[in-house]
Amino acid sequence: MSRDVKEIFGPAPAPAALAAKVRTLAPSMTRSMQRVAEAVAADPAGCAALTVTGLAELTGTSEATVVRTSRLLGYPGYRDLRLALAGLAAQQQSGRSPAVTADIAVDDPIADVVAKLAYDEQQTLADTAAGLDMAQLSAAVGALAAARRIDIYGVGASGLVAQDLAQKLLRIGLVAHAHSDPHLAVTNAVQLRAKDVAVAITHSGSTGDVIEPLRVAFERGATTVAITGRPDGPVTQYADHVLTTSTARESELRPAAMSSRTSQLLVVDCLFIGVAQRTYETAAPALSASYEALAHRHTPRAGGTAARR
C-alpha cells in the first residue's frame, strides 16, 4: 500500500504540537535526522531564524536531511517548518514553562522519583492530546459506535490496554473482545466482515502478533484502527484510521512501556467517551445496568470487619 507523507503523518502539526511530534518520532529517525529534530525542539526561536543551509551547518547535517526531517514531522518543506517554529517560539515567550529533564537515577530520593514520574506522565498526556488527529479520532469513534462486533489486539503492556477498551465497550452494550493470544486473534479476525471493527494497539507499530490479525481483518473488509506511537510503523499499512500516541523518553529504570501505556489509556478513554456520546440512548441504560449488577460486590458484608479482628 503506497501512501504519501500527508496520508502517513496527517496535516502539518500546529506549533503547540511540534515538540510532541519530535518526541514521538525521534526514536524512529536516523541519527542525523534526530540532530535536526532535537535542535528545532530545543531552540525553536533560534532555528526559525536560520535558512535551510544554516540549520544544516548547525546540526552537522545536509540540506537534504533538513528537508527530509521537515517532511517526516509533517510539513511540506522547510519553509513551513520555520513558520511553525516561529509560532512555537512565540508561545514559549508568552509564558509556557520550559522543558525539563526527568531521567530517574538509581540514587534519587523517593520524593524526586514521584515528582519526575508525575512530570513525565503529565507531559506524555499533553503530547498525546496535542498530537491526536481529531478527524481520525472522530472517524474511529463513528466506526466503533456502528460496529456489529469489535476485536481488539494487543500483547504485553498493550494487551492490558486492549482489555481496558474491551471492558469499557462491553459495559455500554457493544460486542467487544480483547485478544492477546496471537493464534486466537487471527482465528477471530478471519470471521470479521464489513461493519465489524478491528483495533490494534502497539506502541512500536511493528509487533507481528498484533499486525497479523489486523492485516487479516483489513483483508476481510473490517474497518481497522491502529493506536501506535509510530505513525510510520508497519501496522499502519493495514489501518484505515491511525491514532498516534506519545511517550516519555525511555530510561534504565523506566521502560517506555510505562509511559506508552499512559498515552494509550488516554486514547482509549477518548474513544470510549466518544462512542458513549454517540450511542447515549442505549449506552446509558447499559452502563446503569452494569453498575447495578455489580453493586452488591462493593457493599461490605455484615461482620466482615469484626471477622478480621
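- The backbone N or O of T202 lies less than 3.5 Å from a partner atom in the side chain of T228, making a donor-acceptor pair.
- Of the possible polar contacts, none joining the T65 side chain to the S32 backbone as a donor-acceptor pair under 3.5 Å is found.
- Note that OG1 of T69 is 6.0 Å distant from CE of M29, once rounded to the nearest 0.5 Å.
- Listed for the D209 side chain is no donor-acceptor partner under 3.5 Å among the backbone atoms of P182.
- Judged purely by atom type and a 3.5 angstrom limit, T128 has no side-chain atom pairing as donor or acceptor with the backbone of L125.
- R82 contributes a side-chain N or O that, together with a main-chain N or O of A48, makes up a donor-acceptor pair within less than 3.5 Å.
- Cluster membership check: I150 shares its hydrophobic cluster with L137, using side-chain heavy-atom separations under 4.5 Å among Ile, Leu, Val, Met, Phe, Trp and Tyr.
- Taking CG of L192 as the reference point, atom CZ of F218 lies at 13.5 Å (rounded to 0.5 Å).
- Distance alone, capped at 3.5 Å, places no donor-acceptor pair between the D43 side chain and the A39 backbone.
- Atom CD of residue Q237 and atom CG of residue L214 lie 10.5 Å apart, to the nearest 0.5 angstrom.
- In this structure, R79 contributes its side chain and P76 its backbone to no donor-acceptor pair below 3.5 Å.
- Listed by chain and residue number, nothing satisfies the side chain to side chain donor-acceptor pair (under 3.5 Å) test with T187 (two or more places apart in sequence, or in another chain).
- A donor-acceptor distance shorter than 3.5 angstrom exists from the side chain of R35 to the backbone of G60, with no hydrogens or angles considered.
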Subject >> Verdict with supporting geometry, L58 and L55, side-chain contact (heavy atoms from CB on, under 4.5 Å) >> reply: CA-CA 5 Å; L58 175 69; L55 184 55; 4.1 Å; yes
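- No side-chain donor-acceptor contact under 3.5 Å links T207 to the backbone of V210.
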Subject >> Chi angles and distances behind the side-chain contact (heavy atoms from CB on, under 4.5 Å) call for S138, V141 >> reply: CA-CA 5 Å; S138 180; V141 166; 5.6 Å; no
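- Q191 places a side-chain heavy atom less than 4.5 Å from the side chain of R149.
- T236 places no side-chain N or O within 3.5 Å of a backbone atom of D232 that could act as its donor or acceptor partner.
- Counting heavy atoms from C-beta on, the side chains of L81 and Y78 come closer than 4.5 Å.
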